[in-house]
Amino acid sequence: MSRPMFEVIALTPQDARAAESGGADRLELVTDMAADGLTPDLRDFAAIRAAVDLPLRVMLRLRDGFTPGDLDALLGRAAALRAEGAEEFVFGFLAADGSVDLDATRALAEAVAGGRWTFHRAIDHSADRAEVRAAVADLPGLDTFLTSGAAAGVDAGREVLAGELAKAGEPGYRQRILVGGGLRAEHVPDLRAAGFDAFHIGGAAREGGWTGAVDPAKVAHWRELIGG
């Protein structure tokens, strides 16, 4: 049985080292967690990349909400991060009506061609999850959906997650489900028993919640719960 994936949000080199020492498999790099994560600047990316050996997925999102905003600016940030050595990313956009903004999402997928990426929790805020999955399923590099199953978090979305896991391998459902968003430690045993094998935390890894630094002991506790 393969080791379950465990991803932790990091904002700083100190976060990154703490997550690595606690047993994280991968980091999601963001700034401004209060806005659900925005693109970090190049200096922060470079400093974190130098601090750890873990794979890094970098958020491509310049404002709160799930519409793309200034697409040219996003493409510029993607190009700069690629030039700095970034290989993996997190993005995905919706139109104002909650449908997938396929043009913007495709443009970024093409901009990071050759790299792997996660469609983030925009799917949880979409008007039609199945439509989102079908629309983006064949974009190059997409290997993961970060989702809690519902905008309100895992408590509200567990049945949706279970339904999507049951479709694994079908068109639109070939990507890995990375469970995150309102995820609590008490959810993990049932989710593991149901067959979920990838988990993502942010505030739960930190002393004092979102405003604190990553605590390696908290990360280690989650690692033990998740297994591997």
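Reckoned from all heavy atoms, side chains included, excluding hydrogens, waters and symmetry mates.
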Query - Arg82 atom CZ, neighbour heavy-atom count above 12 within 6.0 Å - result: yes

Report summary line: Rounded to the nearest 0.5 Å, the CD atom of Glu84 sits from the CG atom of Leu42 at a distance of 5.5 Å

Query raised in the report: Which heavy atom of Pro216 sits nearest a heavy atom of Ser21, and at what distance?
Result: CB-OG, 3.4 Å

Requested in this report: Starting at CZ of Phe196, measure out to CG of Leu183 and round the result to the nearest 0.5 Å.
Outcome: 11.0 Å

Report task. Please check if atom CD in Glu87 has more than 12 non-hydrogen atoms from other residues, nucleotides or ligands closer than 6.0 Å. Result -> no

Report summary line: Distance col, row His200:NE2 vs Thr118:OG1, nearest 0.5 angstrom, shows 9.0 Å

Query - Nearest heavy-atom neighbours spanning Pro189 and Glu186 - result: CD-O, 3.6 Å

Query raised in the report: Side chains of Glu131 and Ser99: closer than 4.5 Å at any heavy-atom pair?
Result: yes

Query - Enclosure of Asp138 CG (heavy-atom neighbours >12, cutoff 6.0 Å) - result: no

Requested in this report: Mind checking the CG-CG spacing from Leu29 to Asp15? Nearest 0.5 Å is all I need.
Outcome: 10.0 Å

Report task. For residues Gly37 and Arg61, report the shortest heavy-atom separation together with the two atoms involved. Result -> O-NH1, 2.7 Å

Query - Pairs touching residues 28-71 that satisfy ring pair (Phe, Tyr, Trp, His ring centres under 6.0 Å), sequence neighbours left out - result: Phe66-His120, Phe66-His125

Report task. Establish whether Leu74 and Leu38 are linked, either directly or via other cluster members, by ILVMFWY side-chain heavy-atom contacts under 4.5 Å. Result -> no

Requested in this report: Using a 4.5 Å cut-off on heavy atoms from C-beta on, say whether the side chain of Val100 contacts that of Val136.
Outcome: yes

Query raised in the report: Taking it one step at a time, do Val154 and Arg184 satisfy side-chain contact (heavy atoms from CB on, under 4.5 Å)?
Result: CA-CA 8 Å; Val154 170; Arg184 300 193 303 275; over 6 Å; no

Query raised in the report: Got Asp197 and Arg176 here, is their nearest side-chain heavy-atom distance under 4.5 Å?
Result: yes

**Report entry** Arg192 side-chain N/O to Ile226 backbone N/O, donor-acceptor pair under 3.5 Å
**Finding:** yes

**Report entry** Connected via hydrophobic side-chain network under 4.5 Å: Met59 and Val8
**Finding:** no

Report task. Could you tell me whether Glu170 atom CD has more than 12 heavy atoms of other residues or ligands within 6.0 Å of it? Result -> yes

Query raised in the report: Hey, any chance Leu146 and Met33 share a hydrophobic cluster, counting ILVMFWY side chains that come within less than 4.5 Å of each other, even indirectly?
Result: no

Query raised in the report: For the residue pair Leu75 and Ala111, what are the closest heavy atoms and their distance?
Result: CD2-CB, 3.7 Å

Requested in this report: Give a yes or no on whether the backbone of Pro171 and the side-chain of Arg133 come within a donor-acceptor separation of less than 3.5 Å.
Outcome: no

Report summary line: Residues at least two apart in sequence or cross-chain that pass side-chain contact (heavy atoms from CB on, under 4.5 Å) with Ala73, listed by chain then number, are Leu62, Asp70

**Report entry** Residues that Glu7 engages under salt bridge (charged side-chain N to carboxylate O under 4.0 Å, His left out), provided they are two or more places apart
**Finding:** Arg26

Query raised in the report: What are the two closest non-hydrogen atoms of Phe93 and Thr105, and how far apart are they?
Result: N-OG1, 3.2 Å

**Report entry** Euclidean distance, Leu54 CG relative to Arg49 CZ, rounded to 0.5 Å
**Finding:** 13.0 Å

Query raised in the report: Does a side-chain heavy-atom distance below 4.5 Å link Trp117 with Leu108?
Result: no

Query raised in the report: Quick one: side-chain hydrogen bond (donor to acceptor under 3.5 Å, both in side chains) partners of Arg63, sequence neighbours excluded?
Result: Thr67

**Report entry** Minimum heavy-atom distance Val219-Gly23, with the two atoms named
**Finding:** CG1-N, 4.0 Å

Query - Connected via hydrophobic side-chain network under 4.5 Å: Val52 and Phe89 - result: yes

Query raised in the report: How would you list, by chain and number, every residue that makes a side-chain hydrogen bond (donor to acceptor under 3.5 Å, both in side chains) with Arg174, sequence neighbours excluded?
Result: none

**Report entry** CA sep, side-chain torsions, deciding dist, call: Lys218, Ile201, side-chain contact (heavy atoms from CB on, under 4.5 Å)
**Finding:** CA-CA 11 Å; Lys218 287 181 178 288; Ile201 61 172; over 6 Å; no

Report task. Using the side chain to side chain donor-acceptor pair (under 3.5 Å) rule, collect all pairs that involve residues 141-153, keeping only residues at least two apart or in two chains. Result -> Arg57-Asp143, Arg121-Ser148, Asp124-Thr147, Asp124-Ser148, Arg129-Thr147

Query raised in the report: Taking the side chain as C-beta and beyond, is there a heavy-atom pair between His187 and Val179 under 4.5 Å?
Result: no

Query raised in the report: Are Phe199 and Phe6 near enough that their ring centres are under 6.0 Å apart?
Result: no

Query raised in the report: Are Val132 and Leu178 grouped together when hydrophobic residues (ILVMFWY) are joined by side-chain heavy atoms under 4.5 angstrom apart?
Result: no

Report task. Apply side-chain contact (heavy atoms from CB on, under 4.5 Å) to the pair Asp103 and Leu71, showing each step before the final yes or no. Result -> CA-CA 10 Å; Asp103 288 343; Leu71 183 56; over 6 Å; no

Requested in this report: Step by step, work out the side-chain contact (heavy atoms from CB on, under 4.5 Å) result for Leu11 and Arg206.
Outcome: CA-CA 11 Å; Leu11 286 80; Arg206 296 170 180 275; 3.0 Å; yes

Query raised in the report: So do the side chains of Val112 and Leu60 get within less than 4.5 Å of each other, counting heavy atoms only?
Result: yes

Requested in this report: Find the distance between CG (Leu27) and CZ (Arg17) and round it off to the nearest 0.5 Å.
Outcome: 11.5 Å

